[in-house]
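Okay, so here's the structure we're looking at.
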Amino acid sequence: MDTSEQTILDKTPKREARRRRSVEEKRRIVEETLEAGASVARVARRHAVNANQVFYWRKKYREGRLGKSQSSKLLPVTLSVSVISWPSGRIESKQGCCPLWAHG
């Protein structure tokens, strides 16, 4: 190998480890892009994030799936079920509009 090839190999940029961003940080970045006149590409560059990643976070943000949202909480449920047992090992439950069958 001659020295010109060695010089090129030595200048190869090192790849940085993937950075994990907190939900709060993602939300801050997305909210920054939602300000009037903001450019997603510029905001992404300023935070060293790929613009496509920011667009994905924006989509999740609009859907209410980026961070804390009401849709991610579990709700308490109380069931009142009338059960009919069949000799074939099948159980059928009729509750409102949604029947439930269990085979076993």
Where A51 and A41 come nearest, the two heavy atoms and their spacing: CB-CA, 4.3 Å

Residue pair K59, E63: steps toward the salt bridge (charged side-chain N to carboxylate O under 4.0 Å, His left out) verdict: CA-CA 6 Å; K59 178 180 181 236; E63 294 171 350; 3.8 Å; yes

Of the non-hydrogen atoms in L66 and R27, which two are nearest, and what is the gap between them? O-NH1, 2.6 Å

Euclidean distance, K26 NZ relative to Y61 OH, rounded to 0.5 Å: 14.5 Å

Using the test salt bridge (Lys or Arg N to Asp or Glu O under 4.0 Å), find all partners of E32 that sit at least two apart in sequence or belong to another chain. R46

Identify, with sequence neighbours excluded, every residue that meets salt bridge (Lys or Arg N to Asp or Glu O under 4.0 Å) alongside R21. E25

Any heavy-atom pair between the side chains of W57 and T33 that's under 4.5 Å? no

